[in-house]
Amino acid sequence: MIALGADHGGYELKEAIKKHLEHRGIEYVDCGTYSHESVDYAPIAQKTCEKVTSGKCEKAILCCGTGIGISMAANKVKGIRAACCSDYFSAKYTRLHNDANALCMGGRVVGTGLAMELVDVFLDTEFEGGRHQRRVDQITAIENSK
Ligand code: RB5
């Protein structure tokens with residue numbers, strides 16, 4: 001199960017991702033927004049990411065205009081490692097090396113075709129572990145020191 005969230009800047013991209021996931025037979029929960037009307041991205045990031053930290057969803061995909069604001073908000077949710085990506089290599093390696101559990105994209109940055117490639121590689125790539133586990137643990141240690 002994948003958690004989806006977007007503000008108005010990412011709304012259309014989220015809708016395209018829903019169709020793509022349906023085509024792939026992947027279940028999702030849509031945490032909004034549900035129209036083009038202007039909304040704030042931080043509460044949507046929190047609601048969407050909490051689907052992951054609660055265990056209901058394996059990963060989150062978040063969209064705003066740039067992908068940046070919603071990724072900043074997502075990374076404030078304990079247990080979330082969100083990566084804002086607009087290229088294939090980053091979307092792949094943030095899974096391999098960072099065990100990212102949230103992919104963020106900008107609806108005003110990436111085209112639909114590229115975005116679906118990013119979604120696919122993000123969902124289909126496993127974390128490598130090994131030395132990268134130590135580094136992810138160090139990120140978690142910073143989070144836990146607050
Ligand atoms: C909304 O206009 C826009 O600021 C938002 O979608 C996002 O790009 C923020 O980072």
Side-chain angles (χ1 to χ4, degrees), residues 1-128 132 135-136 138-146:
M1 183 76 77
I2 303 300
L4 299 179
D7 75 352
H8 54 291
Y11 168 70
E12 280 185 20
L13 184 54
K14 173 175 67 67
E15 295 306 297
I17 292 167
K18 281 163 64 175
K19 286 202 187 95
H20 184 70
L21 295 182
E22 284 162 22
H23 182 70
R24 286 196 53 181
I26 297 172
E27 289 188 313
Y28 59 79
V29 51
D30 184 355
C31 300
T33 190
Y34 304 108
S35 77
H36 288 102
E37 197 177 321
S38 182
V39 286
D40 299 330
Y41 53 78
I44 291 171
Q46 182 176 15
K47 178 181 172 187
T48 309
C49 288
E50 284 175 354
K51 299 286 184 201
V52 176
T53 55
S54 70
K56 186 167 195 267
C57 295
E58 296 98 60
K59 294 187 180 83
I61 300 176
L62 298 159
C63 307
C64 68
T66 59
I68 296 171
I70 208 158
S71 69
M72 288 179 169
N75 275 313
K76 299 296 181 192
V77 178
K78 196 175 167 77
I80 291 297
R81 290 177 301 282
C84 182
C85 296
S86 54
D87 69 278
Y88 188 89
F89 184 88
S90 298
K92 179 176 179 178
Y93 275 81
T94 200
R95 286 290 310 130
L96 287 171
H97 287 185
N98 313 129
D99 198 16
N101 53 10
L103 171 66
C104 305
M105 295 179 290
R108 299 169 184 156
V109 178
V110 294
T112 309
L114 173 59
M116 300 316 141
E117 295 276 319
L118 303 185
V119 165
D120 284 343
V121 75
F122 181 78
L123 295 182
D124 297 343
T125 304
E126 292 299 320
F127 178 48
E128 250 179 35
H132 301 294
R135 294 161 184 167
V136 170
Q138 289 166 350
I139 295 172
T140 305
I142 296 170
E143 190 172 62
N144 290 336
S145 71
K146 305 277 176 215

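Values in this document were obtained by computation on a predicted structure and should not be read as measured data.
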Quick one: closest heavy-atom pair of His8 and Glu37, and the distance?
CB-O, 3.4 Å
Quick one, Leu21 and Leu123 - any side-chain contact, counting heavy atoms below 4.5 Å?
yes
Distance, nearest 0.5 Å, that separates CG of Asn101 from SG of Cys49
7.5 Å
NZ/Lys19 to NZ/Lys14 distance, rounded to the nearest 0.5 angstrom?
11.0 Å
Validation: residues 55-69 side-chain donor-acceptor distances under 3.5 Å, sequence neighbours left out:
from, atom 1, to, atom 2, distance (Å)
Glu58, OE1, Met1, N, 2.8
Glu58, OE2, Met1, N, 2.8
Thr66, OG1, Ile68, N, 3.0

Would you say Asp40 has more than 12 foreign heavy atoms packed within less than 6.0 Å of its CG?
no
Main-chain N/O of Gly5 paired with Lys47 side-chain donor or acceptor, under 3.5 Å
no
Is there any side-chain hydrogen bond (donor to acceptor under 3.5 Å, both in side chains) pair reaching into residues 72-82, and which pairs are they, with sequence neighbours excluded?
Lys78-Asn144, Arg81-Asp99
Please list, chain by chain and in numerical order, all residues satisfying salt bridge (charged side-chain N to carboxylate O under 4.0 Å, His left out) with Arg108, sequence neighbours excluded.
none
If you look only at pairs with a residue in residues 22-47, which of them pass as a ring-ring contact (aromatic ring centres under 6.0 Å, His included), with sequence neighbours excluded?
Tyr11-His36
So do the side chains of His97 and Glu128 get within less than 4.5 Å of each other, counting heavy atoms only?
yes
So, using salt bridge (charged side-chain N to carboxylate O under 4.0 Å, His left out) as the criterion, who are the partners of Lys18 when residues are at least two apart?
Glu15, Asp30
Got a sec, which residues hit side chain to side chain contact (heavy atoms under 4.5 Å, CB included) with Thr94, two or more places apart in sequence or on another chain?
Ala83, Cys85, Asn98, Ala100, Phe122
Please find the pair of heavy atoms, one from Ala91 and one from Val121, that lie closest to each other, and give the distance.
CB-CG1, 3.7 Å
I need the minimum non-hydrogen distance between Val110 and Ser86, along with the two atoms involved.
CG1-CB, 3.6 Å
Less than 4.5 Å apart, side chain to side chain, heavy atoms only: is that true for Val119 and Met105?
yes
Out of the candidates Lys92, Arg95, Arg24, only one should pair with Asp124 under the side-chain hydrogen bond (donor to acceptor under 3.5 Å, both in side chains) rule; please name it.
Arg24
Using 0.5 Å steps for rounding, measure from the CG atom of Leu4 to the CG atom of Leu103.
10.5 Å
What distance do Ile17 atom CD1 and Met116 atom CE have between them, rounded to the nearest 0.5 Å?
5.0 Å
Quick one: does Glu143's side chain have a donor or acceptor within less than 3.5 Å of a partner on Gly79's backbone?
yes
Donor-acceptor check, side chain of Asp7 to backbone of Gly9, threshold 3.5 angstrom: yes or no?
yes
Can you name the nearest heavy-atom pair linking Ile44 to Gly32, along with the distance?
CG2-O, 3.7 Å
